[in-house]
Asker: 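Handing you a structure now.
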2 protein chains.
Amino acid sequence: MEISVQELTEQLSQKGIRPSYQRIRVLEYLHRKEGGHPTAEEIYDFLVNEIPALSKTTIYNTIHTLTEAGLVRTIHIDNDEARYDITLHNHGHFQCVACGSITNFPIDIDRVQIDELSQFEVREKNVYFRGLCPNCLNPTSEEKELLK
Amino acid sequence: MEISVQELTEQLSQKGIRPSYQRIRVLEYLHRKEGGHPTAEEIYDFLVNEIPALSKTTIYNTIHTLTEAGLVRTIHIDNDEARYDITLHNHGHFQCVACGSITNFPIDIDRVQIDELSQFEVREKNVYFRGLCPNCLNPTSEEKELLK
DNA sequence: GTTCCTGCAAAAGCTTTGCAGAAGA
DNA sequence: TCTTCTGCAAAGCTTTTGCAGGAAC
């Protein structure tokens, strides 16, 4: 389901964020790539085609703003690059250690209450699994060639 | 409970890792700091006192070796620095967004099975919560002074 | 003798910071 | 006019890489 520019503008305004063109485009990109966990680089590479003067600094600025507002979630699953996604609940991230791909999976973590954390204010819950994805477990004969 | 050098040596040998002095000391440090989630810097700063010629490269080399062997777990809870700990099961990590401290909490994640991941080989499960720790939620009057 | 390990120096690469100009209220 | 935002350039920092000397087997 496409989200309209108007809806995005409202989302930003409701959070007290000035709906600049760059911010709308970043947010729109993340909505379209929902579950795709793009890196800052990927967001930049795509948007710079439409906004030639775009700076990577703006990507970082924007992501920080959106993250603080709770519209975007930052994923630190490995050490290479941070990844970003619009905020979704009740799902975890699986990263393949071979190909690096990230897959969402449902997990009912939002309902989990930890007695030992009763004195803590939990604002964000992340579940990261790592291992091998089906593709890397059973590569096709063609893929096996490439891996040689 | 202290772990002896002999036990550490055996742990390494069993994994096919040559039990060099540096590796034993790193592993020993992580055992002593169990649940303390030290950074590479902290490990280095402590051990360089006893091994003056120690290099940070060796810390990284050693950590990688120990991680691959499954003796150590790497924690990427934020973007600043990786943190390391000896492998423990069934616990999650809570990081305070104010003071940065990391607290372990028990969570029965190892038993969790996700139907959607039946085709995946899950090797590692991490649970990261973020929020405010009790100390930062209710700072003492003295601490409030410091924050001004 | 050969393989593995350590550590120095330098490089790599993501992210942040400083700052000036532009845009918006 | 004053605040906020963007983007260029440079810096910051953790981690990795190349390589040579040394240790272990």
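Naming: A, B, ... by sequence-line order, numbering from 1 per chain.
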Asker: Which atom names give the shortest non-hydrogen contact between Cys96(B) and Cys133(B), and what distance separates them?
Answerer: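 Distance-wise, the nearest heavy atoms are SG-N, 3.5 Å.
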Asker: Between atom CD in Glu81(A) and atom C1' in dC14(C), what is the gap in whole Å?
Answerer: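 Interatomic distance, CD of Glu81(A) to C1' of dC14(C): 7 Å.
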Asker: Rounded to the nearest Å, what distance is computed from the CG atom of residue Asp78(B) to the C1' atom of nucleotide dT15(C)?
Answerer: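 To the nearest whole Å, that distance equals 13 Å.
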Asker: Students often mix this up, so state it plainly: with edges at 30° and 60°, are the rings of His93(A) and Tyr128(A) parallel, tilted or perpendicular?
Answerer: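 Tilted, since the angle between the ring planes falls between 30° and 60°.
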Asker: Starting at the 5' end of DNA chain D, which residue's closest nucleotide do you reach first, Arg18(B) or Ala82(B)?
Answerer: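 Nearest nucleotide further toward 5': that of Ala82(B).
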Asker: Are the charged groups of Glu41(A) and Lys56(A) less than 4.0 angstrom apart, N to O?
Answerer: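 Counted as a salt bridge, because a side-chain N and a carboxylate O are separated by less than 4.0 Å.
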Asker: Listing request: all salt bridge (Lys or Arg N to Asp or Glu O under 4.0 Å) pairs with a residue in residues 44-54 of chain A, at least two apart in sequence or in separate chains.
Answerer: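 Salt bridge (Lys or Arg N to Asp or Glu O under 4.0 Å) check on residues 44-54 of chain A returns Arg25(A)-Glu50(A).
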Asker: What nucleic acid atoms does Gln22(A) come within less than 4.0 Å of, heavy atoms only: base, sugar-phosphate, or nothing?
Answerer: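 It contacts sugar-phosphate atoms only.
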Asker: Please tabulate, one pair per line, each protein N/O and nucleotide N/O from nucleotides 16-18 of chain C that are separated by under 3.5 Å, including the distance.
Answerer:
unit_1: dT16(C); atom_1: OP2; unit_2: His64(A); atom_2: NE2; d: 2.8

Asker: Go through Asn126(B) and Glu124(B) one step at a time and tell me if the side-chain hydrogen bond (donor to acceptor under 3.5 Å, both in side chains) criterion holds.
Answerer: CA-CA 7 Å; Asn126(B) 292 296; Glu124(B) 193 183 304; 2.9 Å; yes
Asker: Please determine whether a side-chain nitrogen or oxygen atom of Arg23(B) lies at a distance below 4.0 Å from atom OP1 or OP2 of dT6(C).
Answerer: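 Yes, Arg23(B) has a side-chain N/O under 4.0 Å of OP1/OP2 on dT6(C).
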Asker: In whole angstrom, give the distance that lies between atom CD1 of Ile63(A) and atom C1' of dC14(C).
Answerer: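 In whole Å, dC14(C) C1' lies 12 Å from Ile63(A) CD1.
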Asker: Take atom CG of Leu54(B) and atom C1' of dC5(C), then tell me their distance rounded to the nearest Å.
Answerer: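 Rounded to the whole Å, the gap is 13 Å.
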Asker: Between dC5(D) and Ser20(A), is there an OP1 or OP2 to side-chain N/O distance shorter than 4.0 Å?
Answerer: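 Negative; the distance criterion is not met.
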Asker: Distance check needed: dA23(C) P versus Ile17(A) CD1, whole Å only.
Answerer: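 From Ile17(A) CD1 to dA23(C) P: 22 Å.
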Asker: Return the angle between end axes of the helix from dG1(C)-dC25(D) to dA25(C)-dT1(D), with five pairs used per end and rounding to 10°.
Answerer: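 The two end axes of the helix from dG1(C)-dC25(D) to dA25(C)-dT1(D) meet at 30°.
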Asker: What's the closest nucleotide to the Thr58(A) side chain, out of dC25(D), dG7(D), dT15(D)?
Answerer: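 Minimum distance to the Thr58(A) side chain belongs to dG7(D).
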Asker: How far apart are the closest heavy atoms of Ser55(B) and Tyr44(B), and which atoms are they?
Answerer: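 Ser55(B) and Tyr44(B) have their closest heavy atoms at C-CE1, 3.8 Å.
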Asker: Could you state the atom-to-atom distance from CG of Asp80(B) to P of dT15(C) in whole Å?
Answerer: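 After rounding, the gap between these two atoms is 11 Å.
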Asker: Assuming nearest nucleotide by heavy-atom distance, tell me which of Arg83(A) and Tyr44(B) is located more 5' along DNA chain C.
Answerer: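 Here Tyr44(B) is the residue nearer the 5' end.
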Asker: Taking atom C1' of dC5(C) as reference, at what distance in whole Å does atom CD1 of Ile24(B) sit?
Answerer: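 Atom-to-atom, Ile24(B) to dC5(C), this comes out as 13 Å.
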Asker: Going by the angle between their ring planes, with limits at 30° and 60°, are Tyr60(B) and His64(B) parallel, tilted or perpendicular?
Answerer: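 Tilted.
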Asker: Closer than 4.0 angstrom, basic N to acidic O: yes or no for Glu121(B) and Arg123(B)?
Answerer: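 Salt bridge between Glu121(B) and Arg123(B), a charged N being under 4.0 Å from a carboxylate O: yes.
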Asker: Could you tell me how far apart Arg25(A) (CZ) and dG7(D) (P) are, to the nearest whole angstrom?
Answerer: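 Going from Arg25(A) (CZ) to dG7(D) (P), I get 13 Å.
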Asker: Please name the pair of heavy atoms, one in Gly92(A) and one in Ile107(A), separated by the smallest distance, quoted to 0.1 Å.
Answerer: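 Taking Gly92(A) first and Ile107(A) second, the nearest heavy atoms are N-CG2, 3.6 Å.
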